[in-house]
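Here the structure comes first, spelled out in structure tokens, and everything after it is commentary.
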Amino acid sequence: MSTSTVIRGGLVITASDETHADILMEDGRIAALAASHTPAAEALSAERTVDATGKYVIPGGVDAHTHMELPFGGTFASDTFETGTRAAAWGGTTTIVDFAVQSVGHGLREGLDAWHAKAEGNCAIDYAFHMIVSDVNEDTLKEMDLLVEEGVTSFKQFMAYPGVFYSDDGQILRAMQRSADNGGLIMMHAENGIAIDVLVEQALARGETDPRFHGEVRKALLEAEATHRAIRLAQVAGAPLYVVHVSATEAVAELARARDEGLPVFGETCPQYLFLSTDNLAEPDFEGAKYVCSTPLRPKEHQAALWRGLRTNDLQVVSTDHCPFCFSGQKELGRGDFSKIPNGLPGVENRMDLLHQAVLDGHISRRRWIEIACATPARMFGLYPKKGTIAPGADADVVIYDPAAEQVISADTHHMNVDYSAYEGKRVTGRVETVFSRGVPVVTDREYTGHAGHGVYTPRSTCQYLT
């Protein structure tokens, strides 16, 4: 395998700049950039030259929210670390941050070790871990300190899913207090799960069993209430907060208010909330089950607030919450009872393309595309500037992107290990052509040239937005 490559003639787009430049990659890193057609560019030499004329050259995507092989609802997410990271590479993502799970009654270390065992030697691209904290106690709090020291610097808690991942306000406050001391970042699934369970029970008693009722019981107001509560608990603890998969206008308003107050509060949304809606959940013949995720899809009118939040920086990151379950045999577990439908959508392969389409549709700029998909997630989770940008010294995670290629998203052509696409039949303009991970081509001219085991575990520093 060549250890040096020059990419010539492309438009290099980062979160801060757009410039026609040539890029030298050596030994897994970006060695140099030089403006195209200048003596400095002509002086760049390597074992291999790639022509990117007419193409974008962008940093590899950083998807900070994936769930490979996640156990949920009596089954497992259908993508393994091998299939999921291969699909990510096809979609121009070169780093994922997945969630290791602490089970109730067990330690953080035990959960983290289990996820290392799943991922090691199987990933096509680089990976890191957050830690799901399901059982807050004195031992857990001490383990949080140790994990931060070794590069697992973010901890997810759930205000939803009583009996599974749920933490009460006291447990949340204790974990937030600990993160305020150790530099970790609490990530919050903000939905009032106790109240939602009441509404689920009442809906089923009325015979309301179809997938669309999943969205109706998980009310936007209960997302907003939990978001508000999480913000105020973090304020009491003196801790930063990152709210995952924000889906509702009212929740965005809570984040905007907190940020206007100067609080270190951050928000993420996902492509499904930007491009799909309750119309999908209401599709007949149980097809709506394909779109069951939590937080749920909202009515279309919520999309405008999410796009506005991304433009105003009240929302900073677009991740996928990739958690695929096949329609056949997995989503079907909830026929006759929407509460038994495994929660999650496939999307790790589609994020970069959907967000490029958002550029063409006028929702965001090209640099904001790179900011919310590459640079900010890398900064938020302590990976920047190793990941998320194209600059000397950064990892050579580079995507050559054809902004004019047209494609139709379909399960027939995607590489995720799931039997449907959430965006089936959607036409988009823009497509990944070639992907380098640490200078190694893992997708070459629309052919997969990577392999399981190329991706390595990447410890993280703490959130780079905190003083």
Side-chain angles (χ1 to χ4, degrees), residues 67 70 72-79 160-161 191 196-223 245 247-249 269-306 320-351 353-354 357 361 407-414 416-428:
H67 296 285
L70 179 75
F72 191 95
T75 187
F76 284 82
S78 57
D79 261 319
Y161 305 131
E191 286 186 291
I196 286 168
D197 275 9
V198 171
L199 296 177
V200 170
E201 180 185 328
Q202 292 170 344
L204 293 173
R206 291 192 297 268
E208 297 169 352
T209 62
D210 290 343
R212 69 184 180 90
F213 293 106
H214 170 83
E216 292 188 15
V217 298
R218 304 186 87 92
K219 295 185 179 295
L221 286 175
L222 294 178
E223 180 185 349
H245 50 55
S247 67
T249 301
T269 193
C270 308
Q272 53 266 36
Y273 308 117
L274 297 167
F275 292 94
L276 303 174
S277 74
T278 48
D279 292 351
N280 300 99
L281 271 176
E283 288 180 11
D285 301 324
F286 198 65
E287 290 285 311
K290 295 175 177 178
Y291 305 96
V292 166
C293 59
S294 297
T295 51
L297 302 183
R298 303 294 183 193
K300 279 181 182 170
E301 50 264 32
H302 289 262
Q303 293 175 357
L306 298 175
T320 58
D321 194 7
H322 176 77
C323 191
F325 298 96
C326 289
F327 181 69
S328 177
Q330 291 190 300
K331 291 289 189 177
E332 288 179 329
L333 293 169
R335 282 191 184 273
D337 182 347
F338 68 83
S339 71
K340 291 185 167 58
I341 301 169
N343 282 225
L345 295 185
V348 74
E349 188 172 351
N350 306 127
R351 180 181 66 126
D353 290 334
L354 289 168
Q357 185 61 47
D361 292 344
Q407 59 169 314
V408 178
I409 299 175
S410 175
D412 292 338
T413 51
H414 75 202
M416 298 175 287
N417 185 38
V418 63
D419 62 0
Y420 74 96
S421 170
Y423 307 98
E424 185 68 41
K426 183 174 177 62
R427 295 182 175 275
V428 297

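Atom-to-atom distance recorded for Ile341:CD1 and Phe72:CZ is 11.0 Å, nearest 0.5 angstrom. Atom CZ in Arg335 sits 11.0 Å away from atom OG1 in Thr209 (nearest 0.5 Å). To the nearest 0.5 Å, the span separating CZ on Arg351 from CG on Leu274 amounts to 12.0 Å. We find the CG-SG distance between Leu297 and Cys270 to be 10.5 Å, quoted to the nearest 0.5 Å. From Thr269, atom OG1 reaches atom CG of Leu306 across 4.5 Å, with rounding to the nearest 0.5 Å. Residue Ser78 holds its OG atom at 9.5 Å from CE of Met416, rounded to the nearest 0.5 Å.
Take Gln407 and apply the side chain to side chain contact (heavy atoms under 4.5 Å, CB included) test, not counting sequence neighbours, and it matches Asp353, Val428, Arg431. Scored by the salt bridge (charged side-chain N to carboxylate O under 4.0 Å, His left out) test, Glu287 finds Lys290 as partners (sequence neighbours excluded). Residues meeting the ring-ring contact (aromatic ring centres under 6.0 Å, His included) test with Phe275, sequence neighbours left out: Trp307.
Pro271 has its side chain out of reach of Asn350: every pair of non-hydrogen atoms, C-beta onward, lies at least 4.5 Å apart. In this structure, the side chains of His414 and Ile409 stay at 4.5 Å or more apart for every pair of heavy atoms. Considering only heavy atoms from C-beta on, Glu201 stays 4.5 Å or farther from Asp197 through its side chain. Between Asp79 and Pro346 there is no side-chain heavy-atom pair separated by less than 4.5 Å. With a 4.5 Å cut-off on side-chain heavy atoms, Val408 and Arg427 count as touching.
Across Phe325 and Ala77, no two heavy atoms sit closer than the pair CE2-N, 3.4 Å. Residues Glu191 and Ser294 approach most closely at OE1-CB, 3.7 Å, considering heavy atoms. Of all heavy-atom pairs between Gly347 and Thr320, the closest is O-CG2, 3.5 Å. Between Gly288 and Pro211, the shortest heavy-atom distance links the atoms C-CB, 3.6 Å. The two residues Cys326 and Asn417 make their nearest non-hydrogen contact at SG-O, 4.1 Å. The two residues Cys323 and Leu70 have their closest heavy-atom pair at SG-CD2, 3.8 Å.
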key: side chain to side chain contact (heavy atoms under 4.5 Å, CB included) evaluation trace for Arg212 with Thr278   = CA-CA 7 Å; Arg212 69 184 180 90; Thr278 48; over 6 Å; no
ask   = Could you go step by step and tell me if His302 and Thr249 meet the side chain to side chain contact (heavy atoms under 4.5 Å, CB included) rule?
value = CA-CA 5 Å; His302 289 262; Thr249 301; 3.1 Å; yes
request  = Apply the test side chain to side chain contact (heavy atoms under 4.5 Å, CB included) to residues Gln357 and Leu354: give CA-CA distance (whole Å), side-chain angles for both, the deciding distance (0.1 Å), then the verdict.
outcome  = CA-CA 5 Å; Gln357 185 61 47; Leu354 289 168; 5.5 Å; no
task = Verify side chain to side chain contact (heavy atoms under 4.5 Å, CB included) between Cys293 and Asp321, making sure each step is shown before the conclusion.
result = CA-CA 9 Å; Cys293 59; Asp321 194 7; 5.7 Å; no
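Of the possible polar contacts, none joining the Asp337 side chain to the Gly334 backbone as a donor-acceptor pair under 3.5 Å is found. Of the possible polar contacts, one joining the Tyr273 side chain to the Thr295 backbone as a donor-acceptor pair under 3.5 Å is found. In terms of modelled atom types and a separation under 3.5 Å, the side chain of Lys331 and the main chain of Val292 share a donor-acceptor contact. Formation of a donor-acceptor pair under 3.5 Å by the Tyr423 side chain with backbone atoms of Gln272 is found in this model. The closest donor-acceptor contact from the side chain of Glu223 to the backbone of Arg218 lies at 3.5 Å or more, if one exists at all. Checking side-chain atoms of Asp210 against main-chain N and O of Glu208 turns up no donor-acceptor pair under 3.5 Å.
In the model, Asp419 has no side-chain atom that pairs as donor or acceptor with a side-chain atom of Ser328 under 3.5 Å. In this model, a donor atom of one side chain and an acceptor atom of the other lie less than 3.5 Å apart for Arg298 and Ser247.
The aromatic rings of His214 and Phe338 lie perpendicular to each other, with more than 60° between the two planes, well past the 30° mark. Ring orientation note: the planes of Tyr420 and Phe327 are nearly perpendicular, at an angle over 60° on the 30°/60° scale.
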